[in-house]
Asks: 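The following block contains the structure, expressed as structure tokens.
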Protein chains: 2
Amino acid sequence: MSPAANISADDARRAVLQAADELFYAHGIGGVVMSDVRDSSGVSMRRLYAMYPSKSELVAAWLTDRHDRWMTWFTAAVERHVAGGADPLLATFDAIGEWVAAPGYRGCAFINSLAETSELTDSHRTIIADHKRDLVHHLAGLAARDHHDAPEWLPAALAVIIDGAIVQCTIFASTEPLAAARSAVRQLLETIPA
Amino acid sequence: MSPAANISADDARRAVLQAADELFYAHGIGGVVMSDVRDSSGVSMRRLYAMYPSKSELVAAWLTDRHDRWMTWFTAAVERHVAGGADPLLATFDAIGEWVAAPGYRGCAFINSLAETSELTDSHRTIIADHKRDLVHHLAGLAARDHHDAPEWLPAALAVIIDGAIVQCTIFASTEPLAAARSAVRQLLETIPA
DNA sequence: TTGACACGAGAATGATCGTTCTCGTATCGT
DNA sequence: ACGATACGAGAACGATCATTCTCGTGTCAA
């Protein structure tokens, strides 16, 4: 174990990623300075830079970590609503509804980050695109469960609608866009053979 | 007229707004420094600050100007497609398709700006929300033309879908999400009485 | 106990940025 | 032609930031 470290390397990494998540999500990448991460995580500059040699690499680690946690949360939330009797595809809107209504909601971290062009490298953009690809893939899996003969475009269209709702709920600080989107999808799904 | 000004106040304002639009849209607010605006517009720091007393006020002027120009463009593009025989609501997707395919496309300036939390004030957020409200309002007008008995939620849902497509086409650098969204809307509209 | 070492705290560095200021010049009314 | 003035060019200022460095301390092996 490290001689004079106050906490283990694992604990330090966890603390940094948690601080990074809270700060970057709330204030945007450009709105967070490295000393904020130090102050919020309790990990010294020296260890911070030993772990992540630049802010850019910390951002990449944050995006990767957030992808994992968000997908895990989303999957579980959807299954919870499905267990309550919802159609799997409509359940995605119920899950997003929980998120949008939660305190501190500020839209999709990946969409937000992509807008901060000056802070991003191509490897960040790859992580972001992969995140959305995974979402489409997950939606395709859900569609396959109850709507066996759904058109090819359905998962991609649902991903578009979900992202649009996430964005508009942020802009209007309201869940109304999500409700309208859910109504549209319900009506659309009625036309699709099960 | 101003004694020693190289160009008129109107020309200077136009040059600044055009430079601001190109720079802020391409690089984000945080990615543009005031001297970039000076270099790109040819308007000196002194006049720049005489016109807009802070970067924040320049950003507000840019957003307001962009709203006007974007809505004008969008309205005209939709009407052009309607004149070609398209359903007014589907024509919105054709119009967005032109935009997405244009060089330099980088998504919606308002959505992008909203993500740059640390650069924004409440008055910027108001301009952004008003822009999206105007879009919904415009869509409601289009819906009223051919779909007289459309459900209340239709314009809001279409706005969600359009914004989602704008965002996802940016993320994937592709027009495929827009095509999927258009397919979904076409199918949805078939279920709505004219 | 002692020397080598890894660490934390936080100062230092060098760059960048928003904003203001200086200075030399060109213009206007007279 | 002359003083007052408004301007452009760009230096200056003060703040902030990413990143690195210093220094004093605690820890380990022997």
Side-chain angles (χ1 to χ4, degrees), chain A residues 1-20 22-24 26-63 113 116-121 123-124, chain B residues 1-20 22-24 26-63 113 116-121 123-124:
Chain A
M1 51 211 61
S2 23
N6 285 340
I7 57 178
S8 76
D10 277 358
D11 285 350
R13 189 169 296 264
R14 265 187 288 275
V16 168
L17 286 176
Q18 179 178 334
E22 288 165 6
L23 293 167
F24 286 143
H27 307 112
I29 298 170
V32 173
V33 303
M34 289 301 271
S35 51
D36 292 338
V37 178
R38 174 197 55 192
D39 295 344
S40 180
S41 68
V43 172
S44 69
M45 280 288 162
R46 200 184 167 114
R47 282 189 110 182
L48 197 44
Y49 274 89
M51 256 184 283
Y52 304 105
S54 68
K55 184 180 183 180
S56 176
E57 302 205 35
L58 174 59
V59 168
W62 165 56
L63 289 171
S113 295
E116 294 196 67
T117 310
S118 63
E119 307 279 348
L120 291 194
T121 67
S123 85
H124 297 133
Chain B
M1 53 211 59
S2 23
N6 285 339
I7 57 178
S8 76
D10 277 359
D11 285 350
R13 189 168 298 263
R14 264 187 289 274
V16 168
L17 286 176
Q18 178 177 335
E22 288 165 6
L23 294 167
F24 286 142
H27 307 115
I29 298 170
V32 173
V33 304
M34 290 300 273
S35 51
D36 292 338
V37 177
R38 173 197 56 192
D39 295 346
S40 180
S41 68
V43 172
S44 70
M45 280 288 159
R46 198 185 170 118
R47 282 190 107 181
L48 197 43
Y49 274 90
M51 255 184 284
Y52 304 106
S54 68
K55 185 181 183 181
S56 176
E57 303 206 34
L58 174 58
V59 168
W62 165 56
L63 289 171
S113 296
E116 294 196 67
T117 310
S118 63
E119 307 280 349
L120 291 194
T121 68
S123 85
H124 297 133

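These numbers were taken from a predicted model, which means no experiment stands behind them. Lettering follows sequence order; numbering is per chain, from 1.
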Asks: Looking only at the side chain of B/V33 (C-beta and beyond, no hydrogens), which of the listed nucleotides D/dA18, C/dT19, C/dC17 gets closest?
Replies: C/dC17
Asks: Taking the side chain as every heavy atom from C-beta outward, state whether A/T121 and A/V59 have any pair of such atoms under 4.5 Å apart.
Replies: no
Asks: Tell me: NZ of A/K55 to C1' of D/dA18, nearest whole Å?
Replies: 8 Å
Asks: Quick one: are A/H124 and A/S113 in side-chain contact, heavy atoms under 4.5 Å?
Replies: no
Asks: So if I take every side-chain heavy atom of B/S54 and compare against C/dT19, D/dT19, D/dC17, which nucleotide ends up nearest?
Replies: C/dT19
Asks: What's the closest nucleotide to the side chain of A/S44 if the choices are D/dT20, C/dG8, C/dG18?
Replies: C/dG8
Asks: Can you check the A/M51 CE to D/dT20 P distance for me, whole Å?
Replies: 15 Å
Asks: Please state how far atom CZ in B/R38 lies from atom P in C/dG18, giving the value in whole angstrom units.
Replies: 11 Å
Asks: Distance check needed: D/dA18 C1' versus A/E57 CD, whole Å only.
Replies: 13 Å
Asks: Run the salt-bridge test on A/R13 and A/D10 with the 4.0 Å N-O cut-off and return the result as yes or no.
Replies: no
Asks: Rounded to the nearest angstrom, tell me the gap between atom OH in A/Y49 and atom P in C/dC7.
Replies: 18 Å
Asks: Rounded to whole angstroms, how far apart are CE on B/M45 and P on D/dC13?
Replies: 17 Å
Asks: Check for a donor-acceptor pair, side chain of A/S54 on one end and backbone N or O of A/E57 on the other, with a separation under 3.5 Å.
Replies: yes
Asks: Counting only side-chain nitrogens and oxygens, does A/R46 get under 4.0 Å of the OP1 or OP2 atom of C/dA6?
Replies: no
Asks: Base, sugar-phosphate, or nothing: which does A/V32 touch, judged by heavy atoms less than 4.0 Å apart?
Replies: sugar-phosphate
Asks: Tell me which nucleotide among C/dC23, D/dT19, C/dC7 gets nearest to the side chain of A/M34.
Replies: D/dT19
Asks: Please determine, for the side chain of A/R47, which listed nucleotide (C/dG8, D/dT19, C/dT19) has the closest atom?
Replies: C/dG8
Asks: Determine whether a donor-acceptor pair (N or O, by modelled atom type, separation under 3.5 Å) exists between the side chain of B/E116 and the backbone of B/I29.
Replies: yes
Asks: Expressed as a whole number of angstroms, how long is the span from B/L48:CG to D/dG10:P?
Replies: 16 Å
Asks: Rounded to whole Å, please give me the gap between CD1 in A/I29 and C1' in D/dT16.
Replies: 18 Å
